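Because the structure is predicted, anything quoted here is derived from the model rather than measured. Here is the naming used below: chain letters follow the sequence lines, and residue numbers restart at 1 for every chain.
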Amino acid sequence: VMVPKEQALSWARAPAACLNFNCMLILLPVCRNLLSFLRGSIQFCSRTAARQLDRNLTFHKLVAYMIAFHTAVHIIAHLFNFEFFMDAQLNRNSSFLPFVLSEIGTDDNASFLNPIRSNETNPTIVMFTTIAGVTGVVITLALILIITSSMEVIRRSYFEVFWYTHHLFIIFFIGLVFHGYGRIVRGQTAGSQQTNKPHLCADRFEDWGKNESDCAVPEFAGNPPGTWKWVLGPMILYVCERLVRIYRSHQKVVITKVVMHPSKTLELQMRKKGFHMEVGQYVFIQCPSVSRHEWHPFTLTSAPEEDYFSAHIRIVGDWTQALYEACGGDKTETQEAWKLPKVAIDGPFGTASEDVFRYEVVMLVGAGIGVTPFASILKSVWYKRIQNNQEVFTKKIYFYWLCPETEAFEWFADLLQSLERQMAEKDVANFLSYNIYLTRWKETEAAHFRVHHEAENDPITGLKQKTLYGKPNWDNEFTNIASKHPGTKVGVFLCGPPQLGKSLEKQCLSHTEGDVKFIFNKENF
Amino acid sequence: MGKIEWAMWANEQALASGLILLAGGIVGVAGQFRGWEFAAYAVAAGVFVCLLEYPRSKRAKGTSVERSGQYCFTVCVKAFGPLTRNYYVRAFLHAAICVPGGFMLATVLGCVCLGIASLIYLAAAIRGEHWEPILPRKDVRKPVAESIKNPPQNPPPRPPPETRRKQAKDLEGAAYDNPSSVTDD
């Protein structure tokens, strides 16, 4: 037999204690409004601490894995535990201590130890007739359904299944709180421990209650349920979080402009009273006419200095397609302002990449659609430096955009073009250095580039700085930057795939020598 | 929820159920519980369900992501033709497989999870979904790809000498129109 009888219950109670702790933690990382508030407050003490709050979903998943693991150990331990309890009832031999213990409390049905009260049952029936058993099954099923619908495949493609099934957590928490209400875990009462001291009386069980022995028959009682003490606080916080989201969703957001960009990108410019953002943050957008319960996150592409905030939304799925149609994207004539759909905004959240402005020299690397947060940063830099002529600590920005195809360029290229023009006018053309890398191109396009190689402006983007082909040689880039800026701290910011992140991190480490330090900022915007 | 392919979720649920059934069965056998025969059955049933469910189906819409190393399983499952292609069959099969698991505590959870998976498969079958193997695409390599390996033997076509002389001073005038179109119009 795998688990010794005396250990089975302990093996079940230990993960139960861990589960109390983990179930307390799991609700906290998804209270995004609370975290946003905390982030704002902590920032004054420690930016590093504040940034940890941006990894909230990673933490939520880790805690979920722990809950799954502890649940498994807990269930397996109880399987052994109940098997032993059943053994104790079936082996009806009065020189068998477990049987003697099982007989206690058969008259008053209160002081018993063995939750299995007779030998004419089996563990499965007991499970379905006890509070602990039924709640246990229900919450385990809820947990399993939540996990299977949260697999990446389902989450990315069928978000609604993931989101609605995840609400089974309500059943999970209710069941969890009531799981201990049957007081099925029994221990010797304090009073009984005086009349039947276990270390003296355990072996003399055949003499319990007899006149000459000093061991009375022991009495047991159930332990009061304790889980509620752990989870009540976070449950209340989460309810508050949902109320805040509902409140925010009723605040009026006005769409001031809708722009359809060629690369199947919808730009929404909006205004909301009291809205304040930092660079690189994101918001959740809800459109009740499209879907009442879906909130989708989008990076803000406007700068804080502008009088509106905007998001560039790529049309990739059901929701974005429906939003596009609701905004009149498929119609050719301009829409009346009152026809635009009502939207709600939750946020802004996330990395306030003001960290960008803390470095004298900055490398910004965006891959494909990952360039979106940099739109906000570049615009803000322009406003600060050029328009307001503020002294910005950041003296030089190296911007790398890696893109597989030309189509996604258009709206961002327009932005770069206008920035380039304005900088040339103000004679600060060297402030920003762009490098756009086409990582995939068609044969026919390549021929076109060959012919126009000598042209001053790049044939694709129209920018003075040329589009390059293939992938950047990071070693060269880092070496060049290191040689041009000795004695400085260079901040490297990436929004793109993790492999790129790993290779950039390596480059940062290998090129940090002498007095040049490359600091890789890992956050995924 | 219009475009959801229920089979994708049913597949995750069924695979998880297979693992849970297997785990419960192992515990029942190793611990020599009463009714361990059901546990032994659960081990076999769990393994079977896992093998059947491991290869993911190709999605009707969108890119399909295979599980690592699923190709051999795909070939085996595909060999059963309509039995594995049809989700009604799978729904009833899982419903039937899960029943003996309900007779022993250690395997009850696997039984109920598999039952739920069976219901989701039923929903998928009613909506007309079916299992498609993910097979490696035969890459039709255009002959153009070969030529990339060979560097061009001849220099690119150059404009006539008069235009070439102008190049140094006048960029716009120097560019000449290639008689054949080089862009994908």
- Is it the backbone or the side chain of A/Ile154 that comes under 4.5 Å from a heavy atom of chain B, or both, or neither? side chain

- In Å, rounded to the nearest 0.5 Å, how long is the span from CD1 of A/Ile144 to CD of B/Glu12? 13.5 Å

- Task: Please name the pair of heavy atoms, one in A/Pro123 and one in B/Leu105, separated by the smallest distance, quoted to 0.1 Å.
- Result: CB-CD2, 3.6 Å

- Note on the structure: Turns out that what part of B/Ala106 lies under 4.5 Å from chain A's heavy atoms comes down to both

Please tabulate, for the side chains in residues 77-85 of chain B, all donor-acceptor contacts under 3.5 angstrom to protein atoms that are two or more places apart in sequence or on a different chain.
residue, atom, partner, partner atom, Å
B/Thr84, OG1, B/Val77, O, 2.7
B/Thr84, OG1, B/Gly81, O, 3.2
B/Arg85, NH1, B/Glu132, OE2, 2.9

- Among the listed options A/Thr148, A/Thr140, A/Leu141, A/Leu90, the residue most often paired with chain B at heavy-atom distances under 4.5 Å: A/Thr148

- chain B heavy atoms under 4.5 Å from A/Asp87: which part of the residue, side chain, backbone, both or neither? both

- Query: Side chain, backbone, both or neither: which part of A/Thr165 has an atom under 4.5 Å from a heavy atom of chain B?
  - Reply: side chain

- Query: Would you say A/Tyr65 has more than 12 foreign heavy atoms packed within less than 6.0 Å of its OH?
  - Reply: no

- A/Arg13 atom CZ: more than 12 heavy-atom contacts under 6.0 Å: no

- Query: Considering only heavy atoms, which portion of A/Phe82 lies under 4.5 Å from any heavy atom of chain B: side chain, backbone, both, or neither?
  - Reply: side chain

- Message: Ignoring hydrogens, what is the shortest heavy-atom contact between B/Met8 and A/Val153? Give both atom names and the distance.
- Response: CE-CG1, 3.8 Å

- Message: Nearest 0.5 angstrom please: B/Phe33 CZ to A/Phe84 CZ, how far?
- Response: 6.5 Å

Show me the donor-acceptor pairs, under 3.5 Å and distance only, between side chains in residues 114-122 of chain B and residues at least two apart or in other chains.
residue, atom, partner, partner atom, Å
B/Ser118, OG, B/Ala91, O, 2.8
B/Tyr121, OH, B/Glu53, OE1, 2.5
B/Tyr121, OH, B/Glu53, OE2, 3.4
B/Tyr121, OH, B/Arg90, NH1, 3.4

- Task: Could you tell me whether A/Trp11 atom CH2 has more than 12 heavy atoms of other residues or ligands within 6.0 Å of it?
- Result: no

- Item | Interchain contact, A/Leu145 with chain B, by part (heavy-atom threshold 4.5 Å) | both

- Most chain A-contacting option - heavy-atom pairs closer than 4.5 Å, from B/Leu109, B/Val108, B/Val65: B/Leu109

- Give a yes or no on whether A/Phe96 atom CZ has more than 12 heavy-atom contacts from other residues, nucleotides or ligands under 6.0 Å away. yes

- Task: Name the region of A/Ile125, side chain, backbone, both or neither, that has any atom closer than 4.5 Å to a heavy atom of chain B.
- Result: neither

- To the nearest 0.5 Å, tell me how far B/Arg34 CZ sits from A/Met86 CE. 6.0 Å

